[in-house]
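To keep things clear, I will list the structure first and then write my remarks on it.
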Amino acid sequence: MSKTISIDGRQVEFVDGQTIMEAAAAAGVYIPHLCHHPDFTPHGSCKLCTVKVNGRNCSACTFPAQEGQEVLNETDELREDRRMITQMLFVEGNHFCPSCEKSGNCQLQAVAYYLQMLDDHFPLFFASRELDASHPEVMIDHDRCIFCTLCVRASHLDGKEVFAISGRGINKHLIVNSPSGKLQDSALEAGDRAVDICPTGAILRKGIGYRVPIGKRIFDLKKIDAVSLAEQGGAHGE
Amino acid sequence: MAAQHCAGSAPGIDTGAVYSKDKRPVDTSCFFGTRKYQRDDMKKFIETLVEEHGGRASELLQILIKVQARWHHVPRDCIEQLAEQLHIPRTRVISVVEFYTFLHAQPRGEYEILISDSITDRMLGKPQLMDFLAAKLQVQVGAVRQDGLVSLDNTSCTGMCDQGPAGLINGRAVTALDTRKVVAIAELIASKVPVEEWSGDFFLVHDNIRKAGLLLGDTIGNGVALHSAFARGLDETLRELDISGLRGRGGAGFKTALKWRFAKQEQDSERFVVCNADEGEPGTFKDRVLLNSHAHELFEGMTLCAAIIGAKQGFLYLRGEYQYLYEPLQQVLQQRRQSGLLGGNIAGQDVTFDIEIHVGAGAYICGEESALIESLEGKCGIPRNRPPYPVSQGYLGKPTVVNNVETFVAAAKVAVHGGDWFAARGTEQSKGSKILSISGDCRHPGIYEYNFGVSVAGILDDCGADDVFGVQIGGPSGTFIGNAEFDRKLAFEDLATGGSFIVFDNSRNVLDIVQNFTDFFAHESCGFCTPCRVGTALLKKQFDKIQQGHGSAGDLLELERLGRLIKTTSHCGLGQTAANPILTTLQRYPELYQRQLKKISFEPGFDLDGSLETARKLSRRNDPAAHLTQGGE
Ligand SMILES: Cc1cc2nc3c(=O)[nH]c(=O)nc-3n(C[C@H](O)[C@H](O)[C@H](O)COP(=O)(O)O)c2cc1C
Ligand code: SF4
Ligand code: SF4
Ligand code: FES
Ligand code: FES
């Protein structure tokens, strides 16, 4: 007999070792997320996937599914919390979607639409962050980094360790493993998984800008809850 | 002068970074003479250090602390060398340097001065003292003086609240600072007397034990707890611990016997015992006193735990602010090895265990047990995802018991006197005693031990507090209670506390206190999760807006909404309690907040006139036409 949890009253099957996020995804239930990707060890940092489990807030991407859990996902309260968390990510960095090459393929933007986020709400931080365009094929616009660590995890998996997160608190930032700190002096190559894993427009492949016109991109055509996790991870400008 | 500089110890020249990042003019006559010498010197220094630390990457933080002490920063070359020798990416070294506040990539002064910015230090005159210090030393707060000799900055509570204003000079704790001492310090620095040669008066730390109880009342002889435990049987002793009802003294109050039993039951060949001596909660300093005067009992408690759960290795994680206790504690460990209470064959039994001391480097978050374990492994102190809990997967993924200093001391006493002895005191859910660190507006700040269940009023009587407005219980992460609530009791079932008890009299402004605490959390957030990282920074902005009189009615609602979100969605206890100062006072004193509000129906989030300040500075104008009025007044 299979084990089940309930998500918003619906019975969802799971196998031991699965997280709530994994069980939900397998059953086609969308739980908003940004730092989660099915191919990598869960991180649990963005907190967008916050769900109520037996009355307590938990991160669905890290919390193990257990028989009898009553999970709440789509409630007004959670929607509002997630909207505020998304707004926090927007004001922390500098996101000018209309001029961003990732627009339409960006998970942060798509999640914001999904949560009906209509404004930034919070005061902007106007963080001063640099652009690293040194690499011939890849660029980093630090303005758009949300510290999901997906690039870090991808680059850890292939053993290159090109990316890392450094600094504490609000001074947190992405750093590159090279003597100069620049991407061109790192081991990153165009074929690396880390190049296409970024959920936002922070890491971009050069030379393909606007090949797919805005309006015809992934999240222009479908809402984020209708796009599979695997598809979302590969969301880039091609 | 230049020659002296060359010959003297570590003028802190970063040969690699001088041009690119450090704007400080460098004494080039000296520079060219010593450059090669210094590089070689540094290289050798690091090589030896790495060797001393067994070439283990888990020792990275310990190594970096020594590099910082020697060169007053971690030079770029050294980062490269460490990465290579420890076989880790350079980014791992950089991220550790950038995480801990006592480590710096850019040179600090040869005399690194940090002044505690705890609310209690402020109440003892820290702001004026800081101004005086900055003027005397001719250095700006947060900066390094032009000649590189001295740097001055704020730091979070250094745990000397009963004898502030306090600080750290090259890592050594200084207490009871006043203008006389500052003058003397300025002179010592001007004549470049090494800190090691300063008079001991600067570094005197008093225990200030005012009221002793179950734990402080007597000291058990060395080895007595272990001998009792072995005589009774280890399983029996664990049962006694269960009977004692002892709950963790670090704040969360988890049953100690249960934690030990979980670790014991894990199927694994290796286990660890860790003592949490990070004591970072502002206003807490009782562990400092236990470490100073009851270290044997602490180590006895840890060894007892090791014998019961089957651990061979223990760690004491000592906060960087208590570096001055490192040597004395090492001596206690050495004594215990010599008396057969550590090492192999402990107390004649088939038990092997030893304890290593690891030092922190200025990060409150490292008191959180899983962050502490990360830090022990030489990484940034970022709390792990749970489950798994440390009892099943802790240090190096092995079952690990983490307990507070006081918890281990209490466990050692229980092993001697039995569970009933302990359980006879206290309340239903909170057995035994609790050691409090009392500071703030009272005549006798210091250490007080009470049986659980004591009322706040009783404590205030004892410590000589009059005209009290309120008390912060459990530090910034705890609760603020007002004078209408002084019949409440200290116990897990009413007011839980890790030991911080700060008294405020009627002359204090609640909002100043809340601001200090809110700044503290924003400064200490590790930055891992969005609600805490961005939320604590936003909370600070929002609070300041109201405090400065720019808030309107909606801003209070917003403050509360933000606080609630941070509390309910943050990853760890830091974020989950960061809004407590605001939420607990907003609930009790809404009128104090309301008084700060502008009486207009709409207040823009943007201060038009304020934003013109830069333009005014650039154009050197300050006439009325260079100002804008805004709002409905
Ligand atoms: C932000 C934060 C800081 C903490 N700081 C300390 C500390 O300095 N000392 C301590 O013993 N526990 C601290 N704790 C609690 C520990 O996580 C842990 O619960 C405790 O060390 C367990 O020991 P105990 O059961 O003996 O209390 C802190 C928790 C959090 C969330
Ligand atoms: S990264 Fe996404 S959210 Fe940020 S500017 Fe680009 S499209 Fe907008
Ligand atoms: S660059 Fe992109 S993938 Fe990497 S941490 Fe930032 S947002 Fe995540
Ligand atoms: S998706 Fe779960 S915390 Fe980011
Ligand atoms: S890092 Fe601890 S709450 Fe976010």
Side-chain angles (χ1 to χ4, degrees), chain A residues 19 34-35 41-48 50 52 56-59 61-64 77-78 80-82 84-93 121-125 146-149 152 155-156 160-179 181 186, chain B residues 20 76 79-80 83 88-101 105 362-363 365 380-388 521-538 540-542 545 558 561-562 564-571 574-576 605-606:
Chain A
T19 60
L34 281 170
C35 69
T41 322
H43 195 238
S45 60
C46 73
K47 299 302 172 197
L48 214 69
T50 303
K52 255 201 168 55
R56 236 185 84 217
N57 278 348
C58 293
S59 307
C61 69
T62 57
F63 208 75
E77 189 189 327
L78 284 170
E80 179 168 330
D81 286 354
R82 290 167 178 166
M84 281 171 80
I85 291 172
T86 310
Q87 285 164 331
M88 285 181 174
L89 289 171
F90 269 89
V91 298
E92 183 189 25
H121 185 76
F122 298 117
L124 291 155
F125 283 72
I146 57 168
F147 316 118
C148 69
T149 76
V152 178
S155 187
H156 175 71
K160 289 190 181 177
E161 309 274 9
V162 171
F163 301 101
I165 298 286
S166 189
R168 194 169 89 184
I170 200 70
N171 299 316
K172 200 167 153 158
H173 55 275
L174 184 76
I175 58 173
V176 169
N177 182 9
S178 73
S186 76
Chain B
S20 57
R76 184 74 210 201
I79 290 174
E80 295 291 327
I88 49 179
R90 57 169 72 73
T91 44
R92 163 111 187 263
V93 187
I94 295 170
S95 63
V96 170
V97 172
E98 292 190 339
F99 187 86
Y100 293 92
T101 50
I365 189 62
C380 298
I382 294 173
R384 294 177 176 175
N385 282 304
R386 293 177 298 176
F521 287 118
H523 177 69
E524 296 294 342
S525 165
C526 79
F528 173 78
C529 69
T530 315
C532 174
R533 180 183 69 247
V534 188
T536 54
L538 285 172
K540 181 174 148 84
K541 284 191 193 197
Q542 182 70 6
K545 177 180 177 190
E558 182 59 31
R561 187 167 164 255
L562 187 56
R564 187 200 53 80
L565 180 82
I566 300 170
K567 194 180 175 79
T568 55
T569 60
S570 284
H571 179 66
L574 190 153
Q576 288 157 11
F606 184 66

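Convention: sequence-line order gives letters A, B, ...; per-chain numbering from 1.
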R561(B)/E80(A) salt bridge by N-O under 4.0 Å criterion: yes
Region of E524(B) in contact with chain A, defined by heavy-atom distances below 4.5 Å: both
Sidechain-backbone polar pair: S525(B) side chain, F521(B) backbone, donor-acceptor under 3.5 Å: no
Structural part of F125(A) lying under 4.5 Å from a heavy atom of chain B: both
Greatest number of heavy atom pairs closer than 4.5 Å to chain B - which of G181(A), C58(A), S178(A): S178(A)
Chain B contacts, top residue of A164(A), P179(A), G44(A) (heavy-atom pairs, under 4.5 Å): P179(A)
Per-residue contact mode, L124(A) against chain B (heavy atom under 4.5 angstrom): backbone
Contacting region of T101(B) [heavy-atom separation from chain A under 4.5 Å]: both
Residue I79(B) versus chain A: region with a heavy atom under 4.5 Å: neither
Side-chain donor-acceptor pair present, Q87(A), H121(A), cut-off under 3.5 Å: no
Leading residue by heavy atom contact count with chain B [cutoff under 4.5 Å; candidates I85(A), T149(A), L48(A), V91(A)]: I85(A)
Side-chain donor/acceptor of N57(A) to backbone N/O of T50(A), under 3.5 Å: no
Residue part contacting chain B, namely of I165(A), when any heavy atom lies under 4.5 Å: backbone
R564(B) with D81(A): basic N within carboxylate O range, under 4.0 Å: yes
Donor on one side chain, acceptor on other, Q576(B) and H571(B), under 3.5 Å: no
Side chains of S166(A) and K172(A), donor plus acceptor under 3.5 Å: no
Side chain / backbone / both / neither for I94(B) at chain A, heavy atoms under 4.5 Å: both
Backbone of R92(B) reached by a side-chain donor or acceptor of S95(B) within 3.5 Å: yes
Part of A522(B) within contact of chain A (heavy atom distance under 4.5 Å): neither
